[in-house]
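Notes follow once the structure below has been shown.
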Amino acid sequence: MTKEAGDAEIGCRVENGGPSIPEITVLWITAGLGCDGDTIAMTGASSPSLEDLVLGNLPGLPKVNFHNPVLSPSCGEDFLKPYRQAAEGKLDPFILVVEGSIPNEENKKEGYWAGFGTDLVSGQPITTCEWIDKLAPHAWGVLAAGTCATYGGIHAMEGNPTGCMGLADYLGWKWKSKADVPIVCVPGCPVQPDNFMEVLLYLIRQASGQAPMIPLDEQLRPTWLFSATVHEGCDRGGYYEQGDFANELGSPKCIVHEGCWGPVVKCNVAKRGWMGGVGGCPNVGGVCIACTMPGFPDKYIPFLEEPPGAHMSSAAIQMYGKTVKTLRAFTISGGNKEPEWRKRTKKKSEGETGDQE
């Protein structure tokens with residue numbers, strides 16, 4: 001984006017400081033290869049909640065018209081109407097949200113892998129790929145929700161018959177929308193609710209001239225959400241440092257030996273929790289299986305087995321950790337005792353001096 005375009009974007013506000021556009025539409029496609037888990041997870045968000053977004057409870061936002069096939073009260077042609085309008089370039093602006101892996105519709109002679117709605121002329125199903133091809137060029141921005149849509153996920157495991165992939169593999173990693181916005185990936189299996197809603201809110205503010213270009217890493221993830229590892233925000237990190245590892249599930253200690261990939265996985269769930277700051281895989285005893293990573297699941301299976309590098313790193317930390325734990329035990333022991341002068345003494349009688357017993 002040029003400096004002039006960036007300045008225009010940041011300065012694009014109405015005089016009263018409100019949004020530069022009166023309304024924006026969110027078109028959500030769940031017809032990729034998936035389980036609708038990201039849609040369901042998103043209903044548990046609170047920062048912001050979906051209700052706050054669509055009911056206009058957030059100051060300064062344009063009106064948000066939200067369309068999701070799982071949550072919509074409409075169906076059939078009533079539901080498809082805004083999608084058809086957008087595909088014809090008659091709906092602007094809108095953000096396209098894609099959930100589920102994108103299948104390869106060219107790897108077979110007949111049939112189709114995924115789709116929704118039918119062509120009004122031919123009566124044939126409209127594939128998910130066709131919808132993406134028609135909608136993406138007209139979208140203000142494109143947002144991939146969950147690991148299936150971002151990087152392929154479970155369905156893209158080696159040997160799968162669908163040849164499916166993530167949205168960036170389908171459109172191209174350098175693809176940008178007509179507003180010069182890259183594909184935005186919010187991975188997770190399913191996506192962490194507040195992570196997704198926070199990013200959607202950011203894009204709506206950006207589209208309405210109230211935020212700069214969203215910062216993304218090389219994997220197109222928002223940098224403020226995916227710059228740290230699970231381990232760096234984990235409540236069990238102190239046990240790892242002291243070389244204190246769990247020997248079975250259910251222990252409060254570090255669970256690296258039980259199959260946790262947290263030290264090498266970019267994800268904030270250990271710090272953010274799941275709903276309302278509560279939960280999150282390692283916080284409730286579950287090992288991290290690296291579901292936010294582009295290499296998931298192939299590079300992290302079999303699950304619930306100690307990661308290859310964990311044995312060497314934990315063996316090294318145990319030597320250091322035992323020493324640290326011992327030294328800290330001395331410090332804790334001293335700190336657990338009050339200073340000697342904090343005690344009740346007898347009142348001195350007349351004639352007594354401070355040197356007397």
Side-chain angles (χ1 to χ4, degrees), residues 37 41 44 146-147 150-151 153-154 157-158 186-195 217-219 221 223-337:
T147 300
T150 55
Y151 310 123
I154 293 288
M157 290 179 67
E158 183 179 10
V186 189
C189 190
V191 65
Q192 203 280 348
D194 288 326
N195 278 355
D217 65 15
E218 292 182 354
Q219 287 72 39
R221 300 170 295 200
T223 54
W224 76 92
L225 296 175
F226 294 95
S227 60
T229 65
V230 172
H231 180 75
E232 288 167 336
C234 184
D235 290 344
R236 301 168 184 265
Y239 288 105
Y240 180 95
E241 180 191 24
Q242 296 179 168
D244 205 353
F245 299 98
N247 294 317
E248 59 182 0
L249 295 175
S251 168
K253 300 178 181 180
C254 179
I255 49 179
V256 163
H257 288 177
E258 303 306 309
C260 184
W261 286 85
V264 292
V265 171
K266 295 295 185 73
C267 180
N268 66 347
V269 72
K271 182 174 289 186
R272 188 162 206 171
W274 194 253
M275 290 177 61
V278 178
C281 309
N283 299 340
V284 295
V287 300
C288 172
I289 59 174
C291 74
T292 59
M293 299 295 282
F296 174 83
D298 298 76
K299 294 184 178 181
Y300 302 96
I301 52 179
F303 300 139
L304 295 178
E305 289 191 10
E306 184 177 7
H311 181 74
M312 181 179 296
S313 60
S314 61
I317 201 69
Q318 278 180 313
M319 297 176 61
Y320 157 82
K322 288 180 179 179
T323 303
V324 170
K325 188 174 182 179
T326 300
L327 293 174
R328 286 176 175 171
F330 285 123
T331 304
I332 291 173
S333 177
N336 268 336
K337 299 175 183 178

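When a residue number appears, it is its place in the shown sequence, counting from 1. Any value given below was found using the heavy atoms of this structure, including those in side chains, with hydrogens, waters and symmetry copies removed.
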Side chain Q192, main chain G273, donor-acceptor under 3.5 Å: yes

P282 side chain near D235 side chain, heavy-atom distance below 4.5 Å: no

Parallel, tilted or perpendicular: rings of H257 and F245 (30°, 60°): parallel

Point-to-point distance, once rounded to the nearest 0.5 Å, from OG1 of T331 to CG of N336: 11.0 Å

Interatomic spacing from CZ in F303 to SG in C260 - rounded to 0.5 Å: 12.5 Å

Closest non-hydrogen atom pair, D298 against E158: OD2-N, 2.9 Å

Side chain D217, main chain T223, donor-acceptor under 3.5 Å: no

Side-chain donor or acceptor of Y151 paired with backbone N/O of Q219 under 3.5 Å: yes

Gap separating the OH atom of Y240 from the CD1 atom of I255, nearest 0.5 angstrom: 13.5 Å

N/O donor-acceptor pair under 3.5 Å between T229 side chain and K266 backbone: no

Nearest heavy-atom neighbours spanning C234 and A270: CA-CB, 3.8 Å

Gap separating the CZ atom of R236 from the OH atom of Y239, nearest 0.5 angstrom: 8.5 Å

Minimum heavy-atom distance between T147 and G188, given as atom pair plus value: OG1-N, 2.8 Å

Any donor-acceptor pair under 3.5 Å from D244 side chain to K253 backbone: no

Qualifying residue, where the test is side-chain contact (heavy atoms from CB on, under 4.5 Å) with P187 and the options are T292, N195, L225: T292

Closest approach of V191 to A41 (non-hydrogen atoms, all atoms of both residues): O-CB, 3.5 Å

Y300 and W261 aromatic ring geometry - parallel, tilted or perpendicular at 30°/60° bounds: perpendicular

Straight-line distance of K271 NZ to N283 CG, nearest 0.5 Å: 11.5 Å

Interatomic spacing from CE in M293 to CZ in R221 - rounded to 0.5 Å: 5.5 Å

C189 to C291 - nearest heavy-atom pair and separation: N-SG, 3.3 Å

